S.K.: 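Here it is: the structure, laid out below.
Everything numeric here is computed off the predicted structure, so don't read it as measured data.
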Amino acid sequence: MKRNRKTYRFSAINIKSAVATRFRSFSKKTAKSHTETLIAVMDFFEWHGFVPTDRMDQSVLQEIIKNQKLTETSIKRTEASIAIIRDIEITQTKPTNAILEALLEQKVKQEKPRVEPPSSKQETPIEISVPKIRYEHLQDKLKMLQRESQYLIENTTLIKPAFGKPYLRLDITEGELENYKRTLKNL
């Protein structure tokens, strides 16, 4: 039967018994094993650039000054980014928004107004203005549809057969029918 144990290669280090006792109590507070504690301590010193033989106050002071310079640099970069974003907003976003709002307002003016329930207070009726060119174009379309519809009505006859239901017969050519369909589709 094999046991599920991890096997490690150990190495012996000679240290004073008082230091070993102190390290064991420190290790119990920080990590599961002595190895993990020692790795964490070494990583800390390497990461921060401290050397244990140096005086700690000088190393910490140098680290604080270095972090302060990095903080000042990052603040300057952030302020520059904010200035760039504000410039983009002023020169690009606001004019684009103004154009979109103008287009939307024009679209709203062209749409039919909503029917609101009458209120007890007398209000003046809302006037809708349509551009003159659009009005004339709509008038032309209306006249054309009236002519086409009148032509279809004139060329339609009611047929009452002896057997079956009465039906309408359209007396136009196939080309005229296609032309009428195309006209309706293009409106």
Side-chain angles (χ1 to χ4, degrees), residues 4 6 31-32 36 39-40 42-44 46-49 62-187:
N4 291 335
K6 294 182 180 177
K32 292 181 179 179
E36 290 176 3
I39 289 171
M42 288 187 299
D43 287 344
F44 173 80
E46 287 175 356
W47 174 261
H48 293 289
Q62 289 173 349
E63 190 69 22
I64 290 171
I65 291 170
K66 186 173 89 175
N67 286 341
Q68 192 174 24
K69 288 179 182 175
L70 289 174
T71 304
E72 290 172 0
T73 305
S74 65
I75 288 172
K76 288 178 183 176
R77 288 181 182 165
T78 304
E79 288 174 353
S81 299
I82 291 170
I84 290 170
I85 291 170
R86 283 184 183 157
D87 183 50
I88 289 171
E89 181 181 345
I90 291 169
T91 59
Q92 295 175 6
T93 309
K94 286 185 178 179
T96 304
N97 283 345
I99 291 170
L100 287 174
E101 286 176 8
L103 288 173
L104 290 175
E105 284 179 18
Q106 192 175 39
K107 184 178 179 183
V108 169
K109 286 180 183 177
Q110 291 176 0
E111 291 178 358
K112 293 181 180 178
R114 294 185 200 166
V115 178
E116 296 179 5
S119 62
S120 60
K121 187 180 177 183
Q122 284 287 345
E123 294 180 3
T124 58
I126 299 172
E127 293 183 16
I128 300 172
S129 62
V130 179
K132 186 176 181 181
I133 295 172
R134 182 174 165 88
Y135 176 76
E136 290 173 354
H137 186 64
L138 289 172
Q139 288 292 332
D140 292 340
K141 283 184 180 180
L142 177 64
K143 288 178 184 175
M144 182 185 65
L145 282 174
Q146 285 175 340
R147 279 192 309 252
E148 293 284 333
S149 300
Q150 186 64 34
Y151 179 75
L152 285 176
I153 290 172
E154 289 172 357
N155 291 312
T156 304
T157 55
L158 179 64
I159 307 294
K160 293 183 181 180
F163 298 103
K165 295 180 182 179
Y167 61 92
L168 297 173
R169 183 177 70 199
L170 201 54
D171 297 324
I172 59 173
T173 64
E174 192 174 329
E176 289 173 326
L177 180 63
E178 290 299 320
N179 188 21
Y180 186 70
K181 285 180 183 177
R182 204 173 319 115
T183 304
L184 289 176
K185 197 177 218 180
N186 290 334
L187 291 179

S.K.: For residues 164-176, which residue pairs qualify under salt bridge (charged side-chain N to carboxylate O under 4.0 Å, His left out), counting only residues two or more places apart or in two chains?
M.R.: R169-D171

S.K.: What is the minimum heavy-atom distance between P166 and P161, and which atoms define it?
M.R.: CA-CD, 3.9 Å

S.K.: If you apply the rule side-chain contact (heavy atoms from CB on, under 4.5 Å), what do you find for K185 with K181, and how did you get there?
M.R.: CA-CA 6 Å; K185 197 177 218 180; K181 285 180 183 177; over 6 Å; no

S.K.: Salt bridge (charged side-chain N to carboxylate O under 4.0 Å, His left out) with D87: which residues, sequence neighbours excluded?
M.R.: none

S.K.: Determine the minimum heavy-atom distance between Y151 and I172, stating which atoms define it.
M.R.: CE2-CG2, 3.8 Å

S.K.: Roughly how far apart are L168 CG and L152 CG, rounded to 0.5 Å?
M.R.: 11.5 Å

S.K.: Working to the nearest 0.5 Å, report the span between CZ of R86 and OG of S81.
M.R.: 12.0 Å

S.K.: Is there a side-chain contact between H137 and K141, using heavy atoms and a 4.5 Å cut-off?
M.R.: yes

S.K.: For residues 143-150, which side-chain N or O atoms pair as donor and acceptor with protein atoms under 3.5 Å away, sequence neighbours left out?
M.R.:
unit_1, atom_1, unit_2, atom_2, d
S149, OG, L145, O, 2.8
Q150, NE2, E154, OE2, 3.3

